[in-house]
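Numbers restart at 1 for each chain; the letters A, B, ... are given by sequence-line order, proteins then strands. Owing to the predicted nature of the structure, the values given are computational and were not obtained by experimental measurement.
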Amino acid sequence: MENILQELNDKQREAVIKTEGPLMVVAGAGSGKTRVLTYRIAYLLQNGVDPFHILSLTFTNKAAREMKGRIGKLVGWSGARSLWMGTFHSIFARILRIESNHLGFPSNFTIYDTDDSKSLMKSIVKSQNLDPKIYLASFVLSRISSAKNNLISVKAYKENTELTNQDKSTGRPQIAMLYELYQRKLFQSAAMDFDDLLFKINVLFRDHPSVLHKYQQKFKYILVDEYQDTNFSQYLIVKKLAANNENVCVVGDDAQSIYAFRGANIENIINFQKDYPSLVTVKLEQNYRSTQNIVNAANTVIHNNKSQIFKKVWTENPIGEKIKLLRASSDREEGNMVAHQIFQDHRNEQVALDAFAVLYRTNAQSRSIEEALRKLNLPYRIFGGLSFYKRKEIKDLLAYFRLSINLTDEEALKRIINYPARGIGKTTLDKIQIASAKNAIPIWEVLMQINDLSLEINSGTRNRLKEFANMISSFRAQMSKLNAYDLAQEIGKSTGLLSELYKDKTPEGVGRFENIEELMSGIKEFVESEVTETELHEQKLRTLDEYMQDIALLTDADENDKDDKPKVSLMTIHQAKGLEFPFVHIVGVEENLFPSMMSLQSRADLEEERRLFYVALTRAERKVSISYAETRYKWGKLDFCEPSRFIDEIEEQYMDMPRKPNFTFDNRSKTMGGGIRIKARTVSEKPKRTSYKKIESTTSNVVNRPTSSHQASNPDDIQIGMQVEHQRFGKGEVLQMEGVGSNKKAKVKFKDGTKQLILRFARLRVV
DNA sequence: AGTGATCAGATTTTT
DNA sequence: TCTGATCACT
């Protein structure tokens, strides 16, 4: 293990051993960024730094888990497990729970997800008699979110004339007021939304210097991954925590900044440079992931962006194949083309299906790909879309858990007070909510005092309300006595939720029941998962509220696939961040889709889309295909599409252009949709690129698939005993086959003698 | 109060 | 196309 430094290149090593003082690592795509982070932490541990003193902030919890695993392998598990490693949100939620009393929150506060926030905002808009079409919950929340990300409090918002004038000019002068009510309601419900987790940590550190000091002492070494995607709120947290020791290392790549839309701020990189005059910057520019062709193509794309840190990403990897451009007449055909390509590569190159990824701009595009893959019996795993934890049945059950843990969680209460149906309808709920507002008590308190408050609720309904409250109270009483799984089962049964779902025998209903089963087995896993030694000593139960804390910030990206069969991965490019695949298919590369229509207004937005395209390209190790469709169904309507300007931005020497099956060179420039491309060019205001005819002359240094003009057969179709034809040697018979994938060889008897041929090069044709 | 039918709105990306 | 919200009917 003392050799760990030898497994690094000079730049990587420099970044690893400079443990003291501020360090910024500008890491090009595929340059071993994760490796640097991992080894840096291992190196710290190896040099006697206590793991409790290291804080490592990652982009997903899964990334943290994997990194912990690798560090464990390098320097032993005992050190690795005690590291503070996770996303900003999960780490600081943990700290907020510890310090919640300083903020007037209980430690078991609820974390509202986007749906909860939305439903809360809707009810606030309604309560203020504002037009929900003008005060669209999603719009109001996005204003509030960006305010919070920039640490603008309710008070500051009201005083900020720029913001309030913006709101007035868009006809929504009441947003500041809604912000206030929203925060008030969250507080009353003992809840925080995602942005609050970071905002309130800032408040905590600002108002309680002793608490800040405690964590400054604790986190002597701080590492931040994906720094380009942090927002101002996150930036300030890091700055404050690092203020004492200044042992802070941030790693990022401005070219891969793709979250500006949700408040990420590239300026953080510049601010970081200003904050620490003694900053050392290390640039990692050697790419170990992709072929030269991919690296070069990606470089030509990203150079169209104005704002970027100078960096030259290069690689010593083989040149590799050109990027294949696929043109499809429809989204459906696009799916088929991609699926067939995957099918062929899977067979020809003898690689498992998890080597393939299909990347798209929007989740809605997955459907046509899924259908095509299903047709070919290619198993796939789809990431994102409707997350497991967002499914109705899951949210319903979790709402029971949430309410039992936090009785003031109103979104949870409203969700389940009449599910499964127990005769507590809208009218009753309205009355209760009015009583809650009038007496300034939580809804739960109204239920508790139902007999004392003079409410016009008939005795039957009144009893049902009491029964409901008693039921929740009994769950609550068992919270610390039963383990999470037993209590979850109890809740599922006595609420009637399990039997309700079980009754439904439609395929969807069965699916819902299975989802609940899956959740239950997840809880069981949690209960049985390893406990720390002290917990084991104390015979400590793993309770339901601990479980809820555990999963509150989980996302789909954190989920591991249960069955380990290799599958094709389908995901948005955002989700693909940080991942790599030998074969990547980027689909739907069309104007108004990628770049997205919403991004065409401003240069900054367009550049973000381009960075997104850059991210997509640089996920690939060996082969990339880019595809576009000429027509596509959007909102159930047929849309005509043009190829994306980003396609034009790839220098043609790195591209392999599309063609129709019976294609000859002479009519290529006419038949390949030149008209469409010309239109695309006028949209993109790009200087005209030279003719596409040149393409064939530049392919010589590339291992290309046989082109159609040679009529070569697929190497996989060639079997022993077949009659084949070689361009030079003529006709012959296949005597023997050996090797797999690109190394597949055949012994062929020609009239001039027997030859060993590598099929990849030989371009044999079955006669 | 509960149920079913009809209609509007959404889709850019997510911790 | 799909989801949710609302409305009318029972």
Could you write out each protein N or O paired with an N or O of nucleotides 5-10 of chain C at a distance under 3.5 Å?
residue : atom : partner  : partner atom : Å
C:dA5   : OP1  : A:Lys122 : NZ           : 3.2

Base-contact (B) and sugar-phosphate-only (S) positions in nucleotides 7-13 of chain B, heavy-atom cut-off under 4.0 Å, - elsewhere: --SS-BB

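In this structure, A:Thr461 reaches neither bases nor backbone, as no heavy-atom distance under 4.0 Å exists between it and the strands shown. Nucleic acid contact for A:Asn418: sugar-phosphate only, since backbone atoms but no base atoms lie under 4.0 Å from a heavy atom of the residue. At the heavy-atom level, A:Lys634 lies nowhere under 4.0 Å from the strands shown.
Regarding A:Arg632, its CZ atom lies at a distance of 15 Å from the C1' atom of C:dT1, rounded to whole Å. Rounded to whole angstrom, the span from the OH atom of A:Tyr419 across to the C1' atom of C:dG4 amounts to 16 Å. Distance, A:Asp113 CG to B:dT14 C1': 12 Å, rounded to whole Å. Rounded to whole Å, the distance from OH on A:Tyr389 to C1' on B:dT14 is 17 Å. Rounded to a whole Å, the CG atom of A:Asn149 is 12 Å from the C1' atom of B:dT14. Rounded to an integer number of Å, the gap from A:Asp193 CG to B:dT14 P is 18 Å. Spacing between atom NZ of A:Lys637 and atom C1' of C:dC2 amounts to 15 Å, rounded to whole angstrom units. With rounding to whole Å, A:Lys62 atom NZ is found 16 Å from B:dT15 atom C1'.
Take the nearest nucleotide of DNA chain B for A:Ile424 and for A:Ser90: the residue whose nucleotide is more 5' is A:Ile424.
Under the 6.0 Å distance and 45° angle rule, A:Lys395 does not count as a cation-pi partner of A:Tyr389.
In this structure, the ring of A:Phe232 has its center less than 6.0 angstrom from the ring center of A:Tyr235. Aromatic rings of A:Phe401 and A:Tyr547 (six-membered ring for Trp) have centroids beyond the 6.0 Å cut-off, not under it.
When the side-chain nitrogen and oxygen atoms of A:Thr428 are compared with OP1 and OP2 of B:dA1, one or more of them lie within a distance under 4.0 Å.
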Worked check of side chain to side chain donor-acceptor pair (under 3.5 Å) between A:Ser90 and A:Thr87: CA-CA 5 Å; A:Ser90 64; A:Thr87 60; 2.9 Å; yes

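Under the ring pair (Phe, Tyr, Trp, His ring centres under 6.0 Å) test applied with A:Phe646, the options A:Phe594, A:Tyr628, A:Tyr614 reduce to a single match, A:Phe594. If you run salt bridge (charged side-chain N to carboxylate O under 4.0 Å, His left out) between A:Asp116 and each of A:Arg402, A:Lys185, A:Lys122, only A:Arg402 comes through.
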Quiz: residues 254-264 of chain A side-chain donor-acceptor pairs under 3.5 angstrom, not counting sequence neighbours:
residue  : atom : partner  : partner atom : Å
A:Asp254 : OD2  : A:Ile309 : N            : 2.7
A:Gln256 : OE1  : A:Arg619 : NH2          : 3.1
A:Gln256 : NE2  : A:Asp253 : OD2          : 2.8

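The two atoms that bring A:Ala64 and A:Gly86 nearest to each other are CB-CA, 3.8 Å, heavy atoms only.
Look at the P atom in both C:dG4 and B:dT13: the space between them is 16 Å, to the nearest Å.
Counting only heavy atoms from C-beta outward, the side chains of A:Phe383 and A:Ser569 approach each other to under 4.5 Å.
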